[in-house]
Amino acid sequence: MALRVYNTRTRSLDPFTPQTEGVVRIYTCGLTVYAPMHIGHARTYCFWDVFRRYLEYRGYHVMSVINYTDIDDRIMKKADETHGWLDVAENAIAAFRRDCRALRIKDYAAYTRATDFIDPQVDMVKQLLDKGHAYVVDGEVLYDVQSFERYGKLSGNTLEGGQAGASGRLAEDADRKKHPADFTLWKPSDPGQPTWQTGQEQWPSGRPGWHIECSAMSSVMLGEHFDVHGGAIDNLFPHHENEVAQSEALCGHPWVGYWMHPEHLDLRGIKMSKSIGNVIGVPNLLDTHRYDEIRWFFATTHYRTKLAFGDDLVAASSEGFKKITRAVKILETRLNEVDADARGIPVASKYASLREGDEAVPRERESLLYGEYAELSKKFITRFIEGMDEDVGCPRATAAMFDYVNELFAAGIEQSTDYGSLASAYRCLVRHLYVLGVELPNEALYPQLAADCFPTAGGGEAADPYKAVIDRLLEARADARKSKDFAKSDMIRDVLQAAGVQIEDTPKGARWELE
RNA sequence: GGCCUGGUGGCCAAGUGGUAAGGCAGAGCUCUGCAAAAGCUCCAUUCGCCGGUUCGAAUCCGGCCCAGGCCUCCA
């Protein structure tokens, strides 16, 4: 078995073989930085993050680039109302970085800005003109779609296909364009707007069009041919179609190995838009749901399926997710019963190779398959990989995880004193949650993985200030129960519950957690 | 007009030729002082409709109905 992904270019599930063995080069279309990202962007970028994490899990090195479109009409428009266009862009970029971190989206290798790549863009426009793929009208350079025979092949929007219903806007500049689908490569800036000199006689100054930015930045950063080009489904046409037209007209060969297009998130059929006022920002989202609940929610639906969003839907998914986190917590609690030395956390003695025919698995797999639960873990890992290999099938991975957790409970992880086995199961669970973008590793129990996560900002320590107080109340409650003073013990439980402390009685005494 | 998705139990959602994953909700039981948690068991002869191909179809083909997206900036 090997990874297969749905490739928009071929409209089929293709075996995933990057150009350079073991290395994957990915370019993702980022935001136009005029406003903070919203929940729809969050889904898209969380998907790309999981894809990247899975590739890394499978042993690939991932070179990921994402861009900021920092020169755009919307930015200019906003700049008029507030500060300069640069401030608008800077603010949106800062918000984007903050939001991504809040969602635990791993940092990309590079974040490129369109305005930092003006020269290569000008150069590309020049080349397109030289090769007869573009023409100049009043200082504006337009791409001549009819000069590129494969135009429309990626998206299926052929030039012959009707544009009848596409509203009258196309007719607007029919006199300037050779074909309605011709698009801007370079255009003069309006007075007072940022402008760049090109040194060209017919188009001496101005700014780049949207599509040329991505063509130029991606090849500068990743080369003339790279593996994956992404962006959400809406980018397919016209953006990606136009990128293909630009880049392939110049390089003369298929430019990108795999085009991948995640579907949108929608508010139950209602389009999210500023005018309706139903845009949900990431900080907004994280007010009502934890980041890991959101990540799990995203993982329960395949990335090429429209995802309906609603607080009730997230809540239902979170209810199920609790079972997973509870398993992790119980394992943590159990493991903390003994000293690190006594845990006997297994050490990997060998690792599976990535040779052809072998099942590619993480290096540490052997340490995940130690002890009493090894068979359960092995079955889980196999299902996890099978699911993810089939076009990043996160829903199958989450289903496998539910079964695994159920089996662990059934196998008695709450009673076992085989700490080596418990540690191994703990790591197996946490390691795979990590692939889905959910980071739960306890520093003491899994330092290697914890080191790769975002700082946990207090994390497990948050409860500490209250711990002593809660423990004393629980002691009092235990005494009351022993002397059958249930009125008192229930009162203590009620008080703690009101304060958000969930109590769970186990054969080994009460366990608690903060809600 | 063109292009493209999708319609699976009360809800969410996998499955693309071999006899319906998983989660939520619901029901019963075990455990428990009572709860909670956990465990066990049950919960779609059926996959929008009608035809066809096949030993066999939710899965392939044809037709139809329905919902949605894109073709204009958009993750």
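Values below: every heavy atom of this structure, side chains too, minus hydrogens, waters and symmetry copies. In the text below, chain A, chain B and the rest are named by the order of the sequence lines, each starting its count at 1.
For the pair A:R304 and A:Y6, the distance from NZ or CZ to the six-membered ring centre is under 6.0 Å and the angle to the ring normal is within 45 degrees. The cationic group of A:R97 lies under 6.0 Å from the six-membered ring centre of A:Y111 and within 45° of the ring axis, placing it in a cation-pi geometry. A cation-pi contact links A:R53 to A:Y434, judged by a cut-off of 6.0 Å to the six-membered ring centre and 45° from its axis.
Spacing between atom CG of A:L265 and atom C1' of B:A75 amounts to 10 Å, rounded to whole angstrom units. Nucleotide B:C3 holds its P atom 21 Å from the CG atom of A:D234, rounded to whole Å. Between the CD atom of A:E386 and the P atom of B:U16 there is a distance of 12 Å, given to the nearest Å. Residue A:I233 contributes atom CD1, which lies 11 Å from atom C1' of B:A75 at whole-angstrom precision. Between the CZ atom of A:F321 and the P atom of B:A25 there is a distance of 16 Å, given to the nearest Å. Computed from coordinates, the A:R43 CZ to B:G69 P distance equals 16 Å when rounded to whole Å. Computed from coordinates, the A:H179 NE2 to B:U72 P distance equals 10 Å when rounded to whole Å. Protein atom CG of A:L236 is 12 Å distant from nucleotide atom P of B:C70, rounded to whole Å.
The listed nucleotides are B:G23, B:A21, B:A38; the one nearest the side chain of A:N406 is B:G23. Distance from the side chain of A:A410 is smallest to B:C40 among B:A75, B:A21, B:C40.
Summary of the strand contacts: A:C29 and A:A399 both lie near RNA chain B, and taking for each the nucleotide with the nearest heavy atom, the more 5' one is attributed to A:A399.
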Checklist outcome for this item: The contact string for nucleotides 5-15 of chain B, one letter per nucleotide 5' to 3', using protein heavy atoms under 4.0 Å with B, S and - for base, sugar-phosphate only and none, comes out as -------SSS-
Next on the checklist: Counting primed atoms plus P, OP1 and OP2 as sugar-phosphate and everything else as base, spell out the protein contacts along nucleotides 28-37 of chain B at 4.0 Å heavy-atom distance: B, S or - for each nucleotide, 5' to 3'.
Outcome noted: -----BBBBS
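Taking the six-membered ring for Trp, A:F298 and A:F47 have ring centres at least 6.0 Å apart. Separation of the A:H211 and A:H240 ring centroids does not fall under the 6.0 Å cut-off. Taking the ring centroids of A:F384 and A:Y404, they lie at or beyond the 6.0 Å cut-off. In summary, the aromatic rings of A:F402 and A:W296 are positioned with their centroids under 6.0 Å apart.
Across all strands shown, B:C64 forms a Watson-Crick or G-U wobble pair with B:G48, both key distances being under 3.5 Å. For B:A14, there is no paired nucleotide, since no Watson-Crick or G-U wobble pair has both relevant distances below 3.5 Å. In this entry B:C70 has B:G2 as its Watson-Crick or G-U wobble partner, both defining distances falling under 3.5 Å. Under the Watson-Crick and G-U wobble criteria, each requiring two contacts below 3.5 Å, nucleotide B:U53 is left unpaired. Here B:G26 sits opposite B:C42 as a Watson-Crick or G-U wobble pair (both hydrogen-bonding atom distances under 3.5 Å).
Between B:C61 and B:C70, the two C1' atoms lie 27 Å apart (nearest whole Å). Annotation: B:U19 and B:C31 have their P atoms spaced 38 Å apart (nearest Å). Distance check on atom C1': B:G23 versus B:C66 gives 27 Å, rounded to whole Å. Distance noted for atom C1' between B:G6 and B:A13: 13 Å (whole Å). B:A20 and B:A25 are spaced 26 Å apart, taking the P atom of each and rounding to whole Å. Going from the P atom of B:U53 to that of B:U16 covers 25 Å, rounded to whole Å. Nucleotides B:C43 and B:G51 are separated by 30 Å at their P atoms, to the nearest Å. B:G2 and B:C24 have their P atoms separated by 45 Å, given to the nearest Å.
At the heavy-atom level, A:A316 lies under 4.0 Å from the strands shown only through sugar-phosphate atoms. Residue contacts for A:Y45: at a heavy-atom cut-off of 4.0 Å it reaches the sugar-phosphate backbone alone, with no base atom in range. Within the 4.0 angstrom heavy-atom criterion, no nucleotide atom of any strand lies near A:G387.
The ring of A:H264 does not lie on top of the base of B:G69; it is either too far (5.5 Å or more) or too tilted (30° or more).
Distance check, rounded to the nearest 0.5 Å: OG1 of A:T44 to NE2 of A:H264 gives 6.0 Å. Interatomic distance, CZ of A:F297 versus CZ of A:R43, reported as 8.5 Å (0.5 Å rounding). Atoms CZ and OH, on A:F183 and A:Y143 in that order, are 6.0 Å from each other to the nearest 0.5 Å.
By the neighbour-count criterion of 12 heavy atoms within 6.0 Å, atom CZ of A:R472 is sparsely surrounded, having that number or fewer from other residues, nucleotides or ligands.
Exactly one of A:D505, A:D490, A:D485 qualifies for a salt bridge (charged side-chain N to carboxylate O under 4.0 Å, His left out) with A:R477. That residue is A:D505.
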